[in-house]
Amino acid sequence: MQSLAGSVDDYRLALRAWLAEHSDELTAPHAADRREHIANGLALTSTLWQAGWKRVGWPAVLGGLGGGPRHRATYYDELCRAGVEIPDTDLSIEVIGPAMLDHAPDMAAAYLPRLLAGEEVWAQAFSEPEAGSDLASLRTRGVIRGDEVVVDGQKVWTSHGQFAARLLTLVRTGTADSRHRGITALLIDTDTPGITRRPLIFASGLDEMCETFFDNVCVPVDRMIGPPDHGWSVAMLMLQYERGMYAAQRQAWLGLRFRQLLSYLGKVGINEVVEAAIGSAWLQLQTVRARAIETVGRLDAGDAVGPEASPDKVLLARAEQSIFELARLAERSGFAFDDTAEDWRAGWWYSRATSIFGGAGEIQRSIVADKVLQLPKDSDGSR
Ligand SMILES: Cc1cc2nc3c(=O)[nH]c(=O)nc-3n(C[C@H](O)[C@H](O)[C@H](O)COP(=O)(O)OP(=O)(O)OC[C@H]3O[C@@H](n4cnc5c(N)ncnc54)[C@H](O)[C@@H]3O)c2cc1C
């Protein structure tokens, strides 16, 4: 197994050759039932972990074979090149894994391998009903009492939260107005007494997320990720992966969807409107891909990408929406109702959310204006 981790190019070619032989034997994640869909994704992850391919990009302390973000981006690229869908749970791996490894290495060594190996689902519970874009205003309380943190409050829009064994959660340990200075990150087991989860169903019918209520939930203090009141730096590290690394992962999947669409269009034929939409979608896809390659290279080199991951998320949303808009144009009237278009219709619905989660488009653009370009504001502070 040790031989799998080498240069990125060697890894790419070895994985490509293995997938050419084995991709037909792998479990396809997609299933209409969400529980089945998640279980299929875990089975696929487990197979690829056992075979060693998914261990590449992670350190030995987690059961990995070394390498870093460039290896992991290559893994996603090659899966999709071979027509294998990326399990949804790989998003939480990319978002939670690096931050936990950085801020709580002992806890990472004890727990993260279960997430990486496809044994458990984890979720990121940051957003609250009154704290989405303005995350620093979150109100879920965490009171440190002896060797426990007692948590009370509510989280919402937690992707895969209803299937998760653990939630990476932000709680307010400082004063009510302490904003980003008084937040602590906790890893909370979802079977802890006092936790209630309710699934939230999208307008499309997808039951991907939940809201979670915490009522006097006692979490051991050794489940803190980093010191008390240092949760903001954990969140910021996570967000650079949620915007940068996620764009790299998702563009690989979008490439697969785009190729599927082209093959379909090759059979049914295209008109001028579709032809223009193909060009536009391809351009958006290449743009986010080029950007993602650069960002992953920087993450791999250990650079703090920070606010510079925001353009990746903006470009990703554009590419995803262009590709599913192309699908809508290509299917014409059948898109809205035909059973055969159901998968593409679901993708179109979901593409609307790409410019919301991980920080809405307006917020990403403001970050670029303020923190990257440092554009001047008007005298009243507005732009
Ligand atoms: C599919 C999906 C999955 C998600 N998964 C998760 C998850 O796993 N974990 C999690 O914690 N959260 C998750 N979220 C929540 C997501 O992070 C929030 O929806 C997002 O941050 C926006 O917050 P909000 O919904 O409260 O909207 P609001 O913050 O109320 O924003 C509403 C609108 O106002 C705009 N706006 C707000 N403030 C400003 C401003 N200062 N300047 C300009 N415009 C502004 C926003 O851009 C947006 O268009 C998910 C959301 C979606 C749609």
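Both ligands and their constituent atoms are indexed starting at 1 by order of listing.
Annotation: atom 52 (C) of ligand 1 to nearest protein heavy atom, Phe357 CB, 3.6 Å. Atom 13 (C) of ligand 1 has as its closest protein heavy atom Trp157 O, 2.8 Å. Summary of contacts: the protein heavy atom closest to atom 42 (N) of ligand 1 is Ile363 CD1, 4.1 Å. The nearest heavy-atom contact from the protein to atom 47 (O) of ligand 1 is Glu362 OE1, 2.7 Å. Residue, atom and distance of the protein heavy atom nearest to atom 19 (O) of ligand 1 are Ile356 CG2, 3.5 Å. In terms of protein heavy-atom proximity, atom 17 (O) of ligand 1 is closest to Ser127 OG, 3.4 Å.
In this structure, Glu208 pairs ionically with Arg34, as a charged nitrogen and a carboxylate oxygen lie closer than 4.0 Å. A salt bridge links Glu320 with Arg250: the distance from a Lys NZ or Arg NE/NH1/NH2 to an Asp or Glu carboxylate oxygen falls below 4.0 Å. Taking 4.0 Å as the cut-off between side-chain N and carboxylate O, Arg145 and Glu148 do not count as a salt-bridged pair. With respect to the salt-bridge test (charged N to carboxylate O, under 4.0 angstrom), the residues Arg141 and Asp152 do not qualify.
Nearest to atom 8 (O) of ligand 1 by heavy-atom distance, out of Ser159, Ser133, Ala125, Gly132, is Ser159. Compare Lys155, Met238, Glu128, Met209 by their heavy atoms: the one nearest to atom 2 (C) of ligand 1 is in Met209.
Residue contact check: Ala353 has heavy atoms under 4.0 Å from atoms 1 (C), 53 (C) of ligand 1. Interface atoms of ligand 1 facing Ala360, defined by a heavy-atom separation under 4.0 Å, are 46 (C), 47 (O). The Gln124 neighbourhood of ligand 1 comprises atoms 7 (C), 8 (O), 9 (N), 10 (C), 11 (O), with distances under 4.0 Å to a heavy atom of that residue. Atom numbering of ligand 1 starts at 1 in the shown order; those under 4.0 Å from a heavy atom of Tyr350 are 1 (C).
Counted by atom type alone, Thr140 and Arg172 present zero donor-acceptor pairs between their side chains at under 3.5 Å.
Under the 30°/60° scheme for interplanar angles, the aromatic rings of Phe163 and His160 are found to be tilted.
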- [ ] Report the C-alpha distance between Tyr246 and Asp312 in whole Å, list the side-chain angles of each, state the deciding distance to 0.1 Å, and finish with yes or no for side chain to side chain contact (heavy atoms under 4.5 Å, CB included).
- [x] CA-CA 9 Å; Tyr246 178 61; Asp312 303 44; over 6 Å; no

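When distances from atom 44 (N) of ligand 1 to the protein are checked, a heavy atom turns up under 4.0 Å. Contact annotation for atom 35 (C) of ligand 1: protein absent (non-hydrogen atoms, distance under 4.0 Å). Remark: atom 50 (C) of ligand 1 lies closer than 4.0 Å to at least one protein heavy atom.
Among the atoms of Phe126, some N or O lies under 3.5 angstrom from an N or O of ligand 1.
In terms of heavy atoms, Leu19 sits closest to Glu78 at CD1-O, 3.5 Å.
Paired with Pro307 under the rule side chain to side chain contact (heavy atoms under 4.5 Å, CB included), one option of Leu373, Ile367, Leu239, Val368 passes, and it is Ile367.
Between Phe324 and Trp344, the ring centre distance stays below 6.0 Å.
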